[in-house]
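First the structure, in the form of structure tokens, and then the observations on it.
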Amino acid sequence: MCGIIGYTGPRPAAPILLDSLRRLEYRGYDSAGIAIIDADGDVATVKNTNKVVDLARQVEAEGTPSGTVGIGHTRWATHGRPSLENAHPHQDCTGRIHVIHNGIVENYRELRAELISRGHEFLSETDTEVVPHLIEDAYRGDLAAAVRSALNRMQGACALVVISADQPDRVVGARMNAPLVVGLGRGEVFVSSDITALIPYTKRIALLGEGEIVTATPDGITVQQLDGTAVEARVVMVDWEAEQAQKNGYPHFLLKEIHEQPDAVRNALRGRIDDLGMVVLPELGVSSERLAEVHEVVLVACGSAWYAAMVAGYAIEHLAKVRCKVEAASEFRYGEALVDEHSLVIAVSQSGETADTLAAVRQAHQAGAQVIAITNVVGSALPLEADGALYMQAGPEISVAGTKTFMTQMVCGLLLALRLGDARGTLDVSEHQRLVAELQGLPDLLSKTLELEPMLVELGQRFAHTHSALYIGRGINFPIAMEGALKLKEISYVHAEGYAAGELKHGPIALLQPDVPVIAIATRSATLPKMVSNVQEVHSRDAPVIALITEGEDPFDAGFATTIPVPGCSEVLSPLINVIPLQLFAYHVAVQRGCDVDQPRNLAKSVTVE
Ligand code: AGP
């Protein structure tokens with residue numbers, strides 16, 4: 001979950017490391033630190049227990065370390081509370097080897113005890129600190145070899161970047177079950193947990209495989225496997241623009257990303273619809289014959305991606321008439337995983353690095369299932385492990401809470417549902433083409449929906465002090481109720497739950513009181529009359545109702561609900577429109593409450609630990 005960056009080249013390292021850490025901060029913000037090898041061959045370290053902006057101020061106040069080789073880290077605490085001692089980089093006993101790490105060294109207790117018994121001194125409570133000491137023990141004049149030797153002793157997940165005063169021209173990086181990419185510039189190399197940090201500097205990215213170690217000097221890179229075998233790195237060009245990772249006048253990345261959704265949908269559709277108006281997904285890597293034979297589809301994902309997967313599951317059952325199971329990846333991986341060669345497993349993950357989702361994919365593969373990844377990040381682990389990948393093409397998402405990536409996960413799910421319906425002959429061509437045309441028109445409807453924002457600002461003010469909220473939806477909009485509730489929890493710290501509306505009377509209705517708003521998704525659908533009855537039940541318990549309705553089709557004649565009229569569309573596409581007012585509501589409640597919208601407490605964007 002932590003953000004890591006290493007640099008070697010001709011330029012002063014400190015400004016590059018600090019700038020990159022600002023871009024990586026969404027991965028964790030419990031502390032930040034840098035280490036730089038100076039002209040005398042000493043390593044200067046600066047750490048701060050606050051955010052990167054505070055680290056930058058400290059660096060300025062204390063004097064920027066000179067030197068053109070260095071590493072930087074922004075932490076999401078796992079082992080050891082957020083403190084100066086536990087902030088990275090960590091060093092060996094000699095102070096010559098410095099390490100930053102993302103992941104968990106699962107056998108750190110045994111390693112630490114062993115190292116202490118051999119006289120090593122530890123300064124922190126972290127699992128990471130065993131790494132520089134292991135490298136110190138193994139160092140015989142070749143840093144990469146010492147890193148390999150250390151990795152061979154470690155279990156768990158780890159991406160590392162290491163510098164040593166004894167080989168001051170280089171950074172050594174290692175990838176083992178945690179993300180690490182290499183940016184290739186002109187006479188300079190960057191090693192980072194995330195492409196987002198690199199896009200202002202280079203778009204040439206070398207992808208590392210699992211268990212690979214990169215040695216970077218200003219002259220270039222060499223890559224080895226754990227046993228020392230040399231390998232060729234796969235180099236790709238990324239099409240993300242540095243500008244996409246700026247706020248561009250918006251007060252928060254979250255609001256910018258909410259407003260980027262029409263364009264994100266346009267991009268997600270790019271290259272995927274042929275001249276006849278049919279969905280084509282050549283990158284899928286699964287033939288039509290195979291899609292036609294699939295007995296069941298299992299979708300695995302976490303958090304918002306799980307809810308997007310549920311929307312996809314509804315669409316697949318509806319359009320492709322194949323049984324779908326949607327499971328939280330964290331449950332699937334420890335369950336019976338009853339999939340086989342007749343199953344199609346779809347793993348959904350924005351980052352492509354979520355540990356539970358990756359573990360679920362490995363389990364599905366072992367059982368013989370074919371796996372398709374839906375992800376946003378080129379070079380992440382998920383598409384490397386899957387049989388085929390569908391990229392969300394949403395561009396970089398900086399805010400920790402997902403919005404435009406949730407939207408594009410749903411778009412990819414719908415494209416897959418249409419493709420499956422076509423391959424299985426369950427969807428006639430004219431209906432397929434009609435839905436595709438509607439999808440193509442969706443960005444305009446999303447823009448129209450975004451125009452509702454003044455209404456959501458007002459509702460945000462009205463409900464800023466609520467302590468609890470319930471969201472209800474039915475069918476394909478049930479996951480949207482859960483996503484609306486998750487957004488409110490994540491960014492405004494208001495307790496909220498999403499329920500299938502028919503379930504309300506089986507328990508949650510006991511929570512209703514005049515200060516508990518109920519947000520009901522009551523747009524056009526086959527079950528709208530049922531939803532109207534559910535809302536009536538809520539109103540009878542004096543809870544305030546906010547209802548999303550289809551414009552021009554107000555189903556509530558009593559006028560008791562605050563209604564938000566959204567553009568009409570087919571029910572199967574309605575989640576894409578309905579989520580927007582819920583995102584805006586969560587955002588404006590959070591702003592009213594003075595919350596740190598882009599970096600909510602305790603969260604990190606990529607959850608690379610269990
Ligand atoms: C979204 O707002 C969340 N922060 C979170 O639930 C997220 O969707 C989840 O951690 C999964 O991430 P992924 O899509 O990168 O796998």
Side-chain angles (χ1 to χ4, degrees), residues 1 3 25-29 76 102 157 178-179 193-196 252-255 257-258 261 264 268 299-312 326-333 346-361 371 373-383 385-386 389-392 394 396-413 479-480 482-493 496 498 579 582-587 590 595-610:
M1 335 259 278
E25 202 165 24
Y26 64 85
R27 297 184 71 95
Y29 25 86
W76 190 84
N102 171 32
S193 42
D194 206 316
I195 289 173
T196 314
H252 297 102
F253 280 111
L254 189 85
L255 188 61
E257 287 157 4
I258 289 173
Q261 291 180 108
L299 294 110
V300 290
C302 298
S304 289
W306 181 28
Y307 303 144
M310 285 184 191
V311 171
V326 189
E327 271 203 72
S330 53
E331 292 296 316
F332 180 91
R333 67 180 292 189
I346 302 172
V348 188
S349 169
Q350 181 282 133
S351 62
E353 299 290 352
T354 299
D356 286 320
T357 309
L358 288 171
V361 164
V371 179
I374 295 180
T375 187
N376 196 34
V377 182
V378 175
S380 60
L382 186 59
E385 298 218 7
L390 200 54
Y391 286 97
M392 289 147 60
E397 186 176 70
I398 308 297
S399 194
V400 166
T403 51
K404 67 173 177 173
T405 56
F406 178 74
M407 177 68 74
T408 49
Q409 283 165 348
M410 290 192 289
V411 171
C412 289
I480 299 304
M482 291 195 282
E483 171 63 6
L486 181 67
K487 285 284 110 41
L488 192 70
K489 281 188 269 215
E490 278 188 301
I491 63 172
S492 73
Y493 316 144
V579 74
L582 305 189
Q583 294 168 339
L584 287 169
F585 178 65
Y587 173 76
C595 298
D596 189 345
V597 172
D598 283 332
Q599 297 178 343
R601 67 185 180 208
N602 304 337
L603 299 183
K605 193 151 185 79
S606 304
V607 184
T608 54
V609 296
E610 271 195 64

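Bear in mind the structure is a predicted one, so any value in this text is a computation, not a measurement. When a ligand or atom number is given, it counts from 1 through the structure's own listing order.
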Side chains of [X] and [Y] in contact at under 4.5 Å (non-hydrogen atoms):
{"X": "V311", "Y": "E483", "value": "no"}
{"X": "L255", "Y": "L584", "value": "yes"}
{"X": "W306", "Y": "P479", "value": "no"}
{"X": "C595", "Y": "R601", "value": "no"}
{"X": "V361", "Y": "L382", "value": "yes"}
{"X": "P179", "Y": "N102", "value": "yes"}
{"X": "F406", "Y": "I480", "value": "yes"}

Where ligand 1 meets [X] - atom numbers and elements under 4.0 angstrom, heavy-atom basis:
{"X": "A401", "value": "2 (O)"}
{"X": "G402", "value": "1 (C), 2 (O)"}
{"X": "E490", "value": "1 (C), 2 (O), 3 (C), 4 (N)"}
{"X": "V400", "value": "4 (N)"}
{"X": "A305", "value": "8 (O), 14 (O)"}
{"X": "Q409", "value": "14 (O)"}
{"X": "S349", "value": "13 (P), 14 (O), 15 (O), 16 (O)"}

Any N/O pair S351/ligand 1 closer than 3.5 Å: yes

Is V348 in polar range of ligand 1, meaning some N or O pair under 3.5 Å apart? no

What residue among V377, V378, I374, N376 forms side-chain contact (heavy atoms from CB on, under 4.5 Å) with Y391? V378

Name of the residue among Q350, E397, M392, Q261 meeting side-chain contact (heavy atoms from CB on, under 4.5 Å) with T408: M392

Of the protein's non-hydrogen atoms, which lies at the shortest distance from [atom], and what is that distance?
{"atom": "atom 11 (C) of ligand 1", "answer": "C302 O, 3.2 Å"}
{"atom": "atom 1 (C) of ligand 1", "answer": "S304 OG, 3.2 Å"}
{"atom": "atom 12 (O) of ligand 1", "answer": "T354 OG1, 3.6 Å"}
{"atom": "atom 14 (O) of ligand 1", "answer": "Q350 N, 2.7 Å"}
{"atom": "atom 10 (O) of ligand 1", "answer": "V607 CG2, 3.8 Å"}

For ligand 1, is there an atom lying under 4.0 Å from some heavy atom of E353? no

Consider ligand 1: state whether an atom of it lies below 4.0 angstrom from any non-hydrogen atom of T357. no

Nearest 0.5 Å please: distance from the OG atom of S304 over to the CE atom of M482. 11.0 Å

